[in-house]
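First up is the structure itself, then whatever we jot down about it.
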Amino acid sequence: MNTVTAPATGPGDAPAAGGPGSPAPPDAPWRTTWRRLWGDRGSRTALIAAVLLILVALTAPLLSRLGGWSPTAFDADAIDPYLGGLPHGPLGGISAEHWLGVEPVTGRDLFARVVHGAQVSLLIAFAATAIVVVTGTAAGIAAGYFGGRVDTVLSRLMDLTMSFPSLIFMIAMMSVAQDVNRVVLMTVVIGVFGWPGIARVVRAEALSLRHREFVEAARACGSGPWRILTRQVLPNISGPVIAYTTLLIPGMISTEAALSFLGVGVRPPTPSWGQMIAEAVAYYETDPLYFVVPSVFLFVAVLAFTVLGDALRDILDPQGGRP
Amino acid sequence: MSRRTRMLSASLSTSLALALLGACTAQGGGDRDPDGRQPGVATGTVIGGTPKRGGTLTVLSNQDFAHLDPARNWVMPTMDFGTRLIYRTLTTFRAEPGKKGSEIVPDLATDLGRSSDGGRTWTFTLKPGLVYEDGTPIRARDIKYNVERSFAPDLAGGPDYAQRYLADTEGYAGPLDGKHLDSIRTPDDRTIVFSLRRPVAEFSYTVTLPTFSPVPASREKGVQYDLRPFSSGPYRVESYARGKKLVLVRNTHWDAATDPVRKAYPDRIVVIQGLKGGQIDDRIIESAGVDASAVEWSDLQPSSVAKVLPKPGIRQRLSAERTGCTDMLALNTSRAPFDDPKLRLAMQYAVDKEAQVTANGGPALNDVATAYLPPSLTGGRAAAPVHDGPATGDVKKAEKLLAEAGRAGGFDTTITVSTGDKTRAEALQQSLSRVGIRLRIETVDPSVYYDTIGDTAGAPDMAISGWCPDYPSAATFLPFVFDGRTIKPKGNQGNVSQFRDKAVERRMDEIAAMADATAANKAWTALDREIQRTSPAVPLLWERKPLLVGDNIAGAFGHPSWTGQFDFAAIGLKDPSRSRG
């Protein structure tokens with residue numbers, strides 16, 4: 001929401017104002033949200049963790065330079081070739097040189113790979129979420145506001161996409177399209193199957209909004225549908241959309257990891273968490289730390305974004321539709 | 001065999017002798033003490049002593065057999081399994097570990113064959129009293145029939161030596177439509193005469209292949225024969241659910257008096273397929289219950305090595321025989337960039353073979369290859385390298401060659417590997433990046449790997465490809481890997497480089513026609529060096545095959561003729577009563 005829309009939110013802002021918190025002054029919904037988010041210990045921790053992960057992803061090249069290893073550099077000295085390439089030393093080869101140990105067989109630095117993996121995982125997760133949110137919101141708003149034939153067509157399309165066996169289709173797509181940029185392809189493929197969920201939530205909201213007084217008033221004043229959609233309807237569904245978006249991200253992170261785990265992820269030698277976990281499975285007994293490191297990162301990322309999303313939904317969309 | 005099976009992972013590692021080895025780098029062809037540093041038991045040692053008769057031997061496998069039909073069986077360990085247990089061949093290898101295992105003895109035949117006409121005609125006489133699993137006699141014409149079957153397009157995948165060696169086979173498409181070959185004659189039920197198109201000095205070895213085992217025409221079932229080969233050996237198929245379970249039971253009509261090779265200790269042999277590689281290792285390490293009487297079919301996983309080597313009790317159950325195969329990086333010579341010999345030569349120096357050793361299980365299980373022909377075909381010693389330099393590669397020299405080829409800045413190229421070889425591809429990628437070559441890795445499922453690289457039009461620039469000699473002769477190696485006339489548009493195997501060179505082909509024909517085996521061997525070794533100078537492939541590794549056995553297994557040793565797979569003719573149990581779970 002920006003200042004232009006502020007007058008419209010007054011009468012229409014039932015969700016934000018209806019929360020259990022103190023009645024907010026009309027111009028400070030963000031401050032309320034922030035205060036409640038920060039005030040709760042759980043969501044504060046999640047927020048910090050999420051911001052840290054994003055920072056790690058953004059500064060991955062710097063961090064790995066700090067660690068002294070590139071994610072693709074082999075280190076033959078860190079492993080014992082006679083023991084199946086297991087890292088030298090206890091705890092998966094953790095040392096002053098390799099902060100989180102090394103990958104068995106290749107001796108690649110786990111710290112460098114895991115921070116670069118964060119880059120890939122979060123980039124794909126955020127980009128796919130963006131696709132889902134934009135498509136889903138646009139489709140939902142159109143279906144809910146215009147109704148009739150538009151609604152029928154879009155709703156059937158949502159049903160169709162939802163009933164599609166998406167994971168199988170993704171695996172097939174990834175194995176057929178050999179020459180495409182894998183990151184782009186994964187983003188698009190994951191994104192294409194995610195939009196109906198959010199579209200349904202948005203459609204329900206838009207459906208109830210289209211007959212509200214302020215929308216009728218705008219229509220009576222001669223506003224066109226574009227103006228009504230962007231100025232009246234959209235600002236009023238932004239709460240659920242934001243909450244839903246945050247909840248989507250952990251799902252996207254896991255989907256990316258799942259695809260990489262199944263061997264249809266990014267092209268080697270690009271690191272990704274799912275791929276690292278897949279490779280580490282064989283070493284769970286002999287080098288457990290190799291398995292633990294990427295798993296902990298994946299776990300923290302998914303947990304942080306889930307807690308954050310839950311908190312945001314409680315604040316922005318308290319009675320709102322669970323996806 | 002022909003190609004090696006690069007199913008699942010194909011890698012291993014191990015070491016033993018950690019103390020001895022410390023820091024050794026195998027540079028060039030430095031031959032090291034073969035046994036002092038071997039991971040498992042020494043070459044030539046039998047694990048578990050002499051077996052007792054009886055019990056159930058379990059084989060745990062992660063994959064189905066490619067083909068058990070003797071006309072189609074051309075994958076190394078499966079050839080071992082088929083010819084040792086289910087069908088007999090005219091001659092076969094001794095059931096002994098080490099060098100003696102490469103010697104052949106008569107099997108169905110009374111001797112190793114008699115040649116006449118300068119090696120163009122070979123005559124074999126069958127032993128009297130040989131019978132199938134139903135007691136009917138084995139006749140010479142049944143062997144002829146199976147050789148003919150290997151020509152049938154429907155029954156593809158088997159050894160193609162009959163096509164290569166027999167005379168007058170133009171246009172012949174197998175016996176399924178009633179046509180027969182004139183170049184194999186069976187004057188009576190116990191005599192078979194092969195007429196060859198050129199002299200073949202080692203034809204006694206050729207007839208160890210499953211192509212030369214008997215199949216009665218009355219049992220012909222076309223492609224279905226794969227499911228239930230009719231037994232002439234010590235065991236018959238009781239049940240076979242492909243990809244799940246094969247059960248063999250004793251063939252009561254098999255007579256040990258006619259068979260000097262097969263010991264047939266167990267009463268039953270059960271092959272359980274479709275297991276996960278790591279689980280198989282864990283089960284056999286544990287050796288609980290029936291798993292104590294089990295052996296593994298496919299290689300120990302690299303990640304399991306650390307569970308085996310530090311424990312002497314388990315390590316002495318590990319066999320790690322040399323495979324006798326050469327693992328190569330095939331360069332696609334049919335188009336840019338590797339149609340330029342300069343670039344191919346640069347690859348010889350750009351590749352870090354030491355990193356390949358590590359990625360494939362470490363120096364205990366791999367030697368750096370310095371020639372196409374494995375040491376077993378060049379007198380037991382690694383050949384002196386044509387392109388010398390450290391095993392980690394010679395970056396300066398590679399850069400110089402690249403500059404001469406006008407690609408000083410490197411170039412983009414692709415490799416296709418099966419998913420199990422991803423780490424090896426990454427090691428390659430890393431080593432090529434030192435000279436600016438940007439390698440893109442495509443990974444494909446192991447089951448479609450050979451189809452992908454065998455499609456000559458869509459083949460990648462590079463592929464990791466291995467070849468194993470079918471018997472100890474370079475004639476079963478170089479002509480399969482570097483003869484341009486063998487290239488097929490689909491299902492191309494062996495000559496993955498698509499290497500075509502008229503001079504090399506002419507020389508191969510000349511050597512193949514030599515009657516003197518020693519001279520031929522010398523000539524093959526010289527030709528190997530000749531081919532290396534145009535560099536259609538980079539020799540990478542000479543591997544060992546690490547296989548674990550349960551602690552109730554006896555008589556187990558890796559057989560040198562079948563890439564180090566256990567010799568199923570001699571394996572059995574220490575205590576048969578423990579095998580009944």
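With a 4.5 angstrom heavy-atom cutoff, B:K422 touches chain A only via side-chain atoms. At a 4.5 Å heavy-atom cutoff, the contact between A:E279 and chain B is made by side-chain atoms alone. Heavy-atom distances place both the backbone and the side chain of A:P269 under 4.5 Å from chain B. Proximity to chain A (any heavy atom under 4.5 Å) is shown, for B:E426, by both the backbone and the side chain. When heavy atoms are compared at a cutoff of 4.5 Å, A:T72 approaches chain B by way of both its backbone and its side chain.
The residues B:E321 and B:K545 are annotated as not salt-bridged, no charged nitrogen and carboxylate oxygen being separated by less than 4.0 angstrom. Here B:D281 does not pair with B:K307 in a salt bridge; the nearest charged N to carboxylate O distance is not below 4.0 Å.
Ring pair A:F169/A:F164 is perpendicular by interplanar angle, where above 60° counts as perpendicular and below 30° as parallel. A:F111 and A:W99 have tilted rings, their planes meeting at an angle from 30° to 60° on a 0 to 90° scale.
Along residues 280-289 of chain A, the residues that come nearer than 4.5 angstrom to chain B, judged on non-hydrogen atoms, are A:A282, A:Y283, A:Y284, A:E285, A:T286 in order of number. Residues of residues 453-461 of chain B lying within less than 4.5 angstrom of chain A, judged on heavy atoms, are absent.
No side-chain N or O of B:E543 forms a donor-acceptor pair with one of B:T323 less than 3.5 Å apart.
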Next item on the list: Carefully, step by step, assess B:N62 and B:S298 under the rule side chain to side chain donor-acceptor pair (under 3.5 Å).
Entry: CA-CA 7 Å; B:N62 58 1; B:S298 39; 3.0 Å; yes
Item checked: side chain to side chain donor-acceptor pair (under 3.5 Å) assessment of A:D77 paired with A:H88 -> CA-CA 8 Å; A:D77 296 331; A:H88 280 301; over 6 Å; no
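Legend: residues meeting ring pair (Phe, Tyr, Trp, His ring centres under 6.0 Å) with A:F305, ordered by chain and number and at least two apart, are A:F126. Looking at residues two or more places apart in sequence or on another chain, you find a side chain to side chain contact (heavy atoms under 4.5 Å, CB included) between A:D159 and A:R156, A:R200.
More than 12 non-hydrogen atoms from other residues, nucleotides or ligands lie less than 6.0 angstrom from CZ of B:R335. The number of heavy atoms from other shown groups lying within 6.0 Å of CD1 (A:I168) does not exceed 12.
Not one N or O on the side chain of B:D421 forms a donor-acceptor pair closer than 3.5 Å with the backbone of B:V417.
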